[in-house]
Structure formats: structure tokens, C-alpha cells
Number of protein chains: 2
Amino acid sequence: MTRTAPFTFRLDARSGVPVYRQLIDQVQAGIASGKLASGEQIPTVRQVAVDLEINPNTVLRAYRELEIRGVLDTQQGTGTFISDRKVTQDDAEHDRQLEQLVSEFVARAGVGGFTVKELMDRLRERITEPEKRTK
Amino acid sequence: MTRTAPFTFRLDARSGVPVYRQLIDQVQAGIASGKLASGEQIPTVRQVAVDLEINPNTVLRAYRELEIRGVLDTQQGTGTFISDRKVTQDDAEHDRQLEQLVSEFVARAGVGGFTVKELMDRLRERITEPEKRTK
DNA sequence: GACGATGTATTAGTAGACTAGTACACTATT
DNA sequence: AATAGTGTACTAGTCTACTAATACATCGTC
């Protein structure tokens, strides 16, 4: 190939996942996998809207949410680009996500018959042996 | 106290978390923390509905979901109880499930930018001050 | 079997999530 | 300044998650 293929989106109508969320996930996955580099332009709001036959506002919602997270930079009249800044989430949001994660963890542990103490003991091992990964 | 205080629910109206889900989480957290033992009766659908000023069906939805998961046993006309089936696992299987749960937890925490220490600190609060709510 | 406790089914109202229609605003290029 | 690209605001429609109102079914006890 003479040049890298442009980033494109795909929709799975049967997944039940909201369109705007599918877009968000694909951008983040693209970044994580290296397909999208910092500063790179992603398809325009209108282009995506036409290709996927959806409303520009649906694309906008995805892009805006990613911009709020610091993943994208949007420039009106020009386009939308992968941000080059490192993501810095505010403390409140960080705390909220942590609380949610822990809540779900404890709940699932309860179902499995585990005690919180067991979980903590196992977690402690993770600190002393940080390189171990089972999955 | 002559006898252990009965298990009670609390609602956080500002959390944005659905009522039925708050009930589910509190039951599961109660089991994980040891406040709820196998065979123990939890407040009746009607009692909870009256206490929290919500509809019996909202409580029912929570209890039913927990019953489907095998967490609760409901007996019409009698009451709802913590299931005793979940407790009998052989040690190896128990350990394997624990490891898997912790692995997934740590992996998701890593993606979210949390440290294991943060997780443990938050978990510790669940044990020592279970009724405390920051939001 | 009557009663009072329990859980349950049916139906419907409400709020919010999600998306679209449409018109507007900004930017770069000419 | 004209134009064609870009992102954006405003409004509204639709669907569904969530909860409630109300009446019904089951169980234990007397």
C-alpha cells in the first residue's frame, strides 16, 4: 500500500449497543491498537453520518464525549483529531469510577461466596508480584 | 445488644443508581461482608416497601433477580432468605474463581487508571465502615 | 376455613436515553 | 466575499428502563 487506509467505522445494528457508544469504543480501540496516532485526523462528522446513514448529531455526541475525556481535539470548520495530550481525568470522576468498580466487585464477590477479606488478601499478593498475569 | 440488629436497606436518591439495583448491591455486599448469613431471613417485600416508601414491585424486582442468580430463596407466604447453596464449593474451585475474579478486577482497574492500592483502600472502607456513604 | 402474613401478576405512568430534522456558525481556500 | 468544507445548536420524536397502582395467589397459624 502506498499510504495507510483511512480509519473507518462499522456499526453492528444487532448488538443493541447505542450507535454513539459503538463509535466511542472504536476510536478508543483504534488508539489502543495503534491504528490511530496522536494528531491524526479521524473521519469528519458529516462523512461518518453519510457513510453510516445516521444523523450528524449522533456522531457529534460520540466525538464530544471523547473530547471531554481528552481523547480528541475538535476544531470547528477544520476537523477532529486524536489528541496528543495525555488523558487527565478530574478527581471527582476518577473517584466515581473507582467507587463503581469496587461496588460491582464486592457484589460479584458476594455471589461467588467470597469474603472481602479474601479479596484483599489476594489483591495484596498482586502488589508484591506485580508482573504476574493469568489472563 | 441482646441480638443482632435486623438487616436494613438504605437508599441514596442522589446517586442516580436505580432503586432496585441499590437493593441488589446491598444484599450482595451484606453477604460478602458477613452481615448476612446463609438461611437468614431478609426484610419482607412489603416491609422494605413501607420503610423506603417505594412500591413492592420494586423490591420484588431486586429480590427476583437475586433469586435467579441463586443468591436468595423466596417462599411465597413465608418470606425471603439468603440461599445456602452458594456456600458449598470445594477449595480448588473456590480458589480458581477467586483468582479469576481478582484478575479481571485488576485488569479493569488498570484500564481505568486505578492502582491496586487505591482499590484496597476503598475495599477496606467496605469492611470497617460499611454504612458510610460519601455521596 | 378464616385470617393475616407473605410473595406475585397485570397494567400503566414517567423520565431519560438515544437518535433524527433542520438550521446555524466557524474555518480555510480561492 | 464567495464558496465549500467543517463542527454545532435547537428541537422534537421514539423507545425503553424504571417505578407505581392495584388486585391476586400462596402459605402458616389459629
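Heavy atoms only: backbone and side chains are in, while hydrogens, waters and symmetry mates are out. Throughout, protein chains are lettered first and strands after them, A, B, ... in sequence-line order, and every chain is numbered starting at 1. Predicted model only: the values in this text are computed from it and were never measured.
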Quiz item: Reckon T74(B) has a side-chain N or O less than 4.0 Å from the OP1 or OP2 of dT8(C)?
Solution: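 So the side-chain polar atoms of T74(B) do come within 4.0 Å of the phosphate oxygens OP1 or OP2 of dT8(C), strictly under.
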
Rounded interatomic separation in angstrom, taking [atom1] from [X] and [atom2] from [N]:
{"X": "Y63(B)", "N": "dT6(C)", "atom1": "OH", "atom2": "C1'", "result": "12 Å"}
{"X": "D73(A)", "N": "dG7(D)", "atom1": "CG", "atom2": "P", "result": "13 Å"}
{"X": "L60(A)", "N": "dC26(C)", "atom1": "CG", "atom2": "P", "result": "15 Å"}
{"X": "F81(B)", "N": "dT6(C)", "atom1": "CZ", "atom2": "P", "result": "11 Å"}
{"X": "L72(B)", "N": "dT8(C)", "atom1": "CG", "atom2": "C1'", "result": "16 Å"}
{"X": "L52(A)", "N": "dA20(C)", "atom1": "CG", "atom2": "P", "result": "10 Å"}
{"X": "E53(A)", "N": "dG21(C)", "atom1": "CD", "atom2": "P", "result": "11 Å"}
{"X": "R64(B)", "N": "dT10(C)", "atom1": "CZ", "atom2": "C1'", "result": "12 Å"}

Taking only residues two or more places apart in sequence or in another chain, which ones pass side chain to side chain contact (heavy atoms under 4.5 Å, CB included) with [X]?
{"X": "A29(B)", "answer": "V106(A)"}
{"X": "V50(A)", "answer": "none"}
{"X": "T8(B)", "answer": "none"}

Quiz item: Looking only at heavy atoms, what is the nearest atom pair of L98(A) and R122(B), with distance?
Solution: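 Minimum heavy-atom contact is CD2-NH2, 3.4 Å.
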
Quiz prompt | Contacts of type ring-ring contact (aromatic ring centres under 6.0 Å, His included), residue F105(A), not counting sequence neighbours | solution =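 For F105(A), the residues satisfying ring-ring contact (aromatic ring centres under 6.0 Å, His included) (neighbours in sequence not counted) are F105(B).
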
Practice problem: State which residues pass ring-ring contact (aromatic ring centres under 6.0 Å, His included) with F7(A); sequence neighbours excluded, sorted by chain then number. | Solution: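 If we apply the ring-ring contact (aromatic ring centres under 6.0 Å, His included) test to F7(A), skipping adjacent residues, the hits are F9(A).
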
Quiz item: Does a side chain donor of either Q28(B) or R69(B) reach within less than 3.5 Å of an acceptor in the other side chain?
Solution: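 Side chains of Q28(B) and R69(B): pair found under 3.5 Å.
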
Self-check item: Heavy-atom protein contacts under 4.0 Å, nucleotides 25-30 of chain D, coded B base, S sugar-phosphate only, - none
Solution: BBBS--

Below 3.5 Å is the cut-off: list the nitrogen or oxygen pairs between protein and nucleotides 15-19 of chain D, distance only.
{"unit_1": "dC18(D)", "atom_1": "OP2", "unit_2": "Y20(B)", "atom_2": "OH", "d": "2.9"}
{"unit_1": "dC18(D)", "atom_1": "OP2", "unit_2": "R61(B)", "atom_2": "NH2", "d": "3.0"}
{"unit_1": "dT19(D)", "atom_1": "OP1", "unit_2": "V19(B)", "atom_2": "N", "d": "2.4"}
{"unit_1": "dT19(D)", "atom_1": "OP2", "unit_2": "Y20(B)", "atom_2": "N", "d": "3.4"}

Exercise. Tell me, please, which residues at least two apart from T74(B) pass side chain to side chain donor-acceptor pair (under 3.5 Å).
Key: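 For T74(B), the residues satisfying side chain to side chain donor-acceptor pair (under 3.5 Å) (neighbours in sequence not counted) are E67(B).
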
Quiz prompt | salt bridge (charged side-chain N to carboxylate O under 4.0 Å, His left out) contacts touching residues 44-61 of chain A (sequence neighbours left out) | solution =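 Salt bridge (charged side-chain N to carboxylate O under 4.0 Å, His left out) check on residues 44-61 of chain A returns no pairs.
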
